[in-house]
Amino acid sequence: MTVLEQIYEGKAKKVFKTDDPELVLVSYKDDATAFNGLKKGQILGKGAINNRVTNYLMQVLEKEGVPTHFVEEINDRETVVKKVSIVPLEVIIRNISAGSFSKRCGVEEGIVFDEPTIEFSYKNDDLGDPLINAYHAVALKLATWDEIETIKKLAFRVNDVLKAFFKAVNVDLVDFKLEFGKTADGTIVLADEISPDTCRFWDSTTHEKLDKDRFRRDLGGVEDAYAEMMRRILG
Ligand code: TMP
Ligand code: ASP
């Protein structure tokens, strides 16, 4: 496989064309943004950590029956994935109140829910990724009802698998964001990344934050938190 020209650059990753029309190469950057790009910085070593963590977790999920875009890790920062068209929804699962949920609903962080919740944001930077419901997603033709049903089932399955996985390394999976893609034949697969950028991880004993909230909220120890999560995940 030969890597060809760059086709996309996002806030945290670049995507390159390859000579195989069904595959693209993803390259993870150290760049970090928050609040829709308003806050900018770098987290040294983040690209490599998020690449390795994502690939490890995607393989755990594949074994548990969740189809993903993962194909092959090429090096520290670069991975070959299936070319998909991204469903323009950010799918957020929450097990414990935090972040925008706490703000929107006026409740403290740390309330453990009896059941996980799911919500959708319309993936649109110009609009600041507004919160929408499934009816809005269908009305806007972002997905069909069948696709929404598949996405919901897969997202809750991901939560079941990851919650148990993280519990075993003494981490509470507070919430996380997933993105799904459609392959050429219309199959919905898990795409994007699963990393300290896209999840909230709290140490189960100390409740210390081990994720991007350390960058968003200027808590310090950002690099150490990412490195600690990689150690716990990869063993
Ligand atoms: P929120 O509480 O800010 O809505 O975030 C919920 C989860 O989604 C949290 O784990 C962080 C993740 N997330 C992203 O991955 N990308 C984003 O742009 C935002 C706002 C949140
Ligand atoms: N993706 C968000 C941004 O830059 C960052 C975040 O809060 O995770 O805007």
Side-chain angles (χ1 to χ4, degrees), residues 8-15 26 28-43 46-47 49-51 53-54 57-58 69 86-113 116-133 137 142 151-152 154-156 158-159 161-163 165-166 171-181 190-204 207-219 222-223 225-226 229 233:
Y8 175 77
E9 178 163 8
K11 288 185 285 232
K13 299 186 282 300
K14 297 176 184 177
V15 182
V26 173
Y28 285 74
K29 307 192 286 186
D30 283 355
D31 297 349
T33 65
F35 317 117
N36 201 18
L38 235 56
K39 181 184 174 86
K40 285 192 177 73
Q42 282 224 321
I43 300 174
K46 172 171 91 79
I49 291 173
N50 286 359
N51 181 45
V53 161
T54 295
L57 295 175
M58 292 259 179
H69 73 165
I86 291 287
V87 177
L89 291 174
E90 301 205 335
V91 180
I92 295 156
I93 298 271
R94 300 180 191 272
N95 297 303
I96 301 176
S97 66
S100 72
F101 177 90
S102 286
K103 216 173 234 167
R104 195 169 56 243
C105 299
V107 295
E108 80 245 41
E109 298 196 312
I111 302 165
V112 180
F113 301 148
T117 68
I118 190 164
E119 70 204 42
F120 303 107
S121 290
Y122 175 23
K123 201 173 141 60
N124 182 320
D125 279 341
D126 293 339
L127 301 175
D129 300 337
L131 180 69
I132 59 170
N133 67 31
L142 309 181
I151 286 170
K152 273 208 250 178
L154 290 174
F156 282 124
V158 168
N159 188 47
V161 173
L162 293 187
K163 242 174 73 173
F165 177 90
F166 284 109
V171 167
D172 290 338
L173 179 59
V174 175
D175 57 31
F176 57 94
K177 184 264 297 180
L178 300 175
E179 294 184 26
F180 292 87
L190 181 62
D192 195 51
E193 65 180 280
I194 307 173
S195 72
D197 271 17
T198 63
C199 304
R200 284 195 173 93
F201 298 128
W202 293 353
D203 182 277
S204 301
H207 304 295
E208 186 190 1
K209 295 184 196 325
L210 296 170
D211 58 62
K212 194 177 170 189
D213 270 350
R214 302 205 73 85
F215 169 81
R216 295 189 189 98
R217 303 179 186 191
D218 295 320
L219 300 176
V222 184
E223 277 88 0
Y226 277 69
M229 278 312 302
I233 293 165

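We count ligands from 1, going down the list as the structure has it; atoms in each ligand are counted the same way. Throughout, residue positions are numbered sequentially from 1 according to the sequence presented. Side chains are part of it too, since the values below use all heavy atoms of this structure and drop only hydrogens, waters and symmetry mates.
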**Item:** Side chain, backbone, both or neither: the part of R216 lying under 4.0 Å from ligand 1 by heavy atom
**Value:** side chain
**Request:** Quick one: look at D197 and ligand 1, take heavy-atom pairs under 4.0 Å, and tell me if it's side chain, backbone, both or neither.
**Result:**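 The answer is the backbone of D197.
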**Prompt:** Which one of E109, E90, R94 has a non-hydrogen atom at the shortest distance from atom 17 (C) of ligand 1?
**Reply:**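 Heavy atom nearest to atom 17 (C) of ligand 1 belongs to E90.
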**Message:** Do the side chains of R200 and D175 get close enough for a salt bridge, i.e. N-O under 4.0 angstrom?
**Reply:** yes
**Message:** Does this structure show an ion pair linking R217 with E109, if we count only N-O contacts that are shorter than 4.0 Å?
**Reply:** yes
**Asked** Contact between K212 and ligand 1, counting heavy atoms under 4.0 Å?
**Response** no
Distance to 0.1 Å, residue and atom name: give those for the protein heavy atom nearest to [atom].
atom	result
atom 7 (O) of ligand 2	R216 NE, 2.8 Å
atom 1 (N) of ligand 2	K11 CE, 3.9 Å
atom 6 (C) of ligand 1	R200 NH1, 3.7 Å
atom 15 (O) of ligand 1	K177 CE, 3.1 Å
atom 9 (C) of ligand 1	D175 OD1, 3.1 Å
atom 4 (O) of ligand 2	T33 OG1, 2.4 Å

**Request:** Over 60° means perpendicular and under 30° means parallel, so classify the ring planes of F166 and F201, tilted if in between.
**Result:**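 Judged by the thresholds at 30° and 60°, the geometry between F201 and F166 is tilted.
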**Prompt:** Counting both backbone and side chain atoms, is some N or O of D129 under 3.5 Å from an N or O of ligand 1?
**Reply:** no
**Prompt:** Do ligand 1 and E119 have nitrogen or oxygen atoms that lie under 3.5 Å from each other?
**Reply:**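 No - when backbone and side-chain N and O of E119 are compared with those of ligand 1, no distance drops under 3.5 Å.
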Hey, which atoms in ligand 1 end up nearer than 4.0 Å to a heavy atom of [X]?
X	result
S100	1 (P), 2 (O), 3 (O), 4 (O)
C199	10 (O)
F176	10 (O)
G99	2 (O)

**Item:** Protein heavy atom under 4.0 Å of atom 12 (C) of ligand 1
**Value:**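 Under the 4.0 Å cut-off, atom 12 (C) of ligand 1 does have protein heavy-atom neighbours.
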**Message:** Within the 3.5 Å criterion, strictly below it, is a donor on N159 or N95 matched to an acceptor on the partner's side chain?
**Reply:**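 Side chains of N159 and N95: pair found under 3.5 Å.
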**Prompt:** Can a donor-acceptor pair be found between the side chains of Y226 and D197 at a distance below 3.5 Å?
**Reply:** yes
**Message:** Do E179 and E90 have side chains that approach each other closer than 4.5 Å (heavy atoms only, starting at C-beta)?
**Reply:** yes
**Item:** Side chain K29, main chain G47, donor-acceptor under 3.5 Å
**Value:** no
**Item:** Test item: N124 side-chain N/O and D129 main-chain N/O as donor-acceptor pair under 3.5 Å
**Value:** no
**F215 to G41 - nearest heavy-atom pair and separation** =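 Taking every non-hydrogen atom into account, CZ-N, 3.8 Å.
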